[in-house]
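Here the structure is a predicted model, which is why all the values come from computation and not from measurement. In the text below, chain A, chain B and the rest are named by the order of the sequence lines, each starting its count at 1.
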Amino acid sequence: MLDIRQLRNDPQGVAANLARRGYRLDLEQFSALEGRRKEAQVAVDALRNERNTRSKAIGQAKARGDDVGPLLAEVESLGARLAAGEQALAGLQSGLDRLLLDLPNLLHESVPEGRDETSNVELRRHGEPRRFEFEARDHVAVAEGLGGLDPRSASRLSGARFAVLTGPVAALHRALAQFMLDLHVREHGYREAWVPYLVTRQTLTGTGQLPKFEQDLFRLARAESESELFLIPTAEVPLTNLAGDRIFDADELPLKLVAHTPCFRSEAGSYGKDTRGLIRQHQFDKVELVQIVRPQDSCQALEELTGHASKVLERLELPYRAVALCAGDVGFSSTKTYDLEVWLPGQGAYREISSCSNCDAFQARRMQARWRNPETGKPEPVHTLNGSGVAVGRALVAVLENCQEADGTVTVPAVLRPYLGGMARLQPA
RNA sequence: GGAGAGGUGGCCGAGCGGUCGAAGGCGCUGGACUGGAAUUCCAGUAAUACCCACAAGGUAUUCGUGGGUUCGAAUCCCACCCUCUCCGCCA
């Protein structure tokens, strides 16, 4: 959520910033609505003030033993007028809230211009894509060769975009997640967390997935109850919301959290994209990094967090590149995002495996995550960051494709071997 | 699923129709004391919105959430959510 004060003080500037994303902010609609809301609120406040004053007078008269009949008569029509005013105000307020909740975050000035991913800026490359002396297969072929992928069963159980992994492939998947978690906890100073995979509408509103992107989520309705829960699309949601409704002391920050969770996405609107293999699934595992920091620290924190995610790929010896997302490609809640793209020999392309975002105060304002700024003594929004460290399913794909051998085996990256009982090579069953 | 208790400010906790944004304590901040500190003493210390210069000052809202009763609700009524204790069931 944007700071409504900034929207009032500098509407042109806000509109110009959002325009970089390709988002058109209707300033006239906003200022008309905001003007009417303000008017209604002033009117309602005045009526409530009158009611409070008169009620107090009635109380005092009663205490003295005076006749309150005339006083009651004076107050007779107040209730109806107040109720009408309050109803009008509530209507205007909810319209304004909805408008505000639907506005994306302002972009950081360093975000490059551009409409879509073709304008993203490559920052650096790490590692040389390996030269294969045989034709590199894609991860589906490699995994099936190992007898570790069962697409028929997956679709029989759950339909399209689900996977069943078995044997060495399932073990490799588990090893990857555990390695990442350990790396971030032991070397990068994150606190391990285990969190709910089902969350409320309010929680998803806090991080920005709702109200606008409900079609991307799996929603669970509970029988004979109006209550509902959603499957998390990323651990960013529960982890970041841990800071919600809190006021941190300065010395409690930064708060660095990591969790390994499944993620669930309905992938509405992505029909036909990445239909083969494990790239795009309704369910996948991810190790997620979240930082809650002081506002002055968030830019630096984004660089560090991206470094933490990069380290995963470096330790796995996977070639990757880092890109800065351009204006049109930065997500709703983010002010600035770096993507890490891993080299996939099966596709001959770099594909996203991590996305690291600085959400500045945008999420903090939505969920009331604050810290007490020693300089002002006041509670002020914290800044929140999140990043994949990294997507486990895609890391599995990357290892299978990059570490495959001509004979169909897969060389296990050295850092994963301790998690596989020392196994150095995955063999066909 | 059955029985009971409860949800109040950064935290703990009193209040149970009117002057209650709410006693008391903890914590925090400032001051006194001290060579410096601890202890002690004094004072201050909620958030949000609106008027307004995001100052001072003022108004409104907020005592789990949403409704209701009332001139007036933290306090009474209804529904829902959540927490805790005991019993049952269960990975």
Quick one: on RNA chain B, does A:I247 or A:R8 contact a more 5' nucleotide (nearest heavy atom)?
-> A:I247

Taking atom CD of A:Q87 as the centre, does the number of heavy atoms from other residues, nucleotides or ligands within less than 6.0 Å exceed 12?
-> no

Expressed in angstrom and rounded to an integer, what is the separation of A:K378 atom NZ from B:U48 atom P?
-> 8 Å

Pair listing, side chain to side chain donor-acceptor pair (under 3.5 Å) test, anchored in residues 382-399 of chain A, at least two apart | A:E236-A:N386, A:S298-A:H383, A:Q363-A:T384

Taking the C1' atom of each, how far is B:G64 from B:U8, in whole Å?
-> 10 Å

If the sugar-phosphate is the primed atoms plus P, OP1 and OP2 and the base is the rest, what is the B/S/- string for nucleotides 58-79 of chain B, using protein heavy atoms under 4.0 Å?
-> -SSS---------BS-------

Between B:A49 (C1') and A:L92 (CG): distance, integer Å | 15 Å

Rounded to whole Å, the CD-C1' distance (A:Q93 to B:A49) equals 8 Å

Hey, could you give me the CD/CD distance between A:Q291 and A:E304, rounded to the nearest 0.5 Å?
-> 6.5 Å

No-hydrogen, no-angle side-chain donor-acceptor test under 3.5 Å, A:D216 and A:S266 = no

Is A:R5 near enough to B:A49 that one of its side-chain N or O atoms lies under 4.0 angstrom from OP1 or OP2?
-> yes

Separation of the P atoms in B:A22 and B:U61, to the nearest angstrom | 14 Å

Using a cut-off of 4.0 Å on non-hydrogen atoms, how would the nucleic acid contact of A:R365 be classed: base, sugar-phosphate, or nothing?
-> nothing

Quickly work out the A:W371 CH2 to B:A47 P distance and round it to whole Å.
-> 15 Å

Would you tabulate the side-chain donor-acceptor contacts of residues 10-21 of chain A under 3.5 Å, counting partners in other chains and residues two or more places apart, or write 'none'?
unit_1, atom_1, unit_2, atom_2, d
A:D10, OD1, A:G13, N, 3.0
A:N17, OD1, A:L107, N, 2.7
A:N17, ND2, A:L107, O, 3.1
A:R20, NE, A:E113, OE2, 2.9
A:R20, NH2, A:V111, O, 2.4
A:R20, NH2, A:E113, OE2, 3.3
A:R21, NE, A:N105, O, 2.9
A:R21, NH1, A:V330, O, 2.8
A:R21, NH1, A:G331, O, 3.0
A:R21, NH2, A:N105, O, 3.0
A:R21, NH2, A:G331, O, 3.2
A:R21, NH2, A:S334, O, 2.7

Expressed in whole Å, how much space separates the C1' atoms belonging to B:A47 and B:U39?
-> 34 Å

Using the P atom in both, what is the distance from B:A46 to B:G9, to the nearest Å?
-> 14 Å

Any side-chain donor-acceptor pair under 3.5 Å between A:T234 and A:K286?
-> yes

Aromatic ring proximity, centroids under 6.0 angstrom, A:F332 and A:F213 | yes

P gap between B:G15 and B:A23, integer Å | 14 Å

Give the rounded distance in Å between these two atoms: CG of A:N373 and C1' of B:A47.
-> 16 Å

Using the P atoms only, state how far B:C86 lies from B:C20, rounded to an integer number of Å.
-> 40 Å

Starting at CZ of A:R372 and ending at C1' of B:G9, how long is that distance when rounded to a whole Å?
-> 11 Å

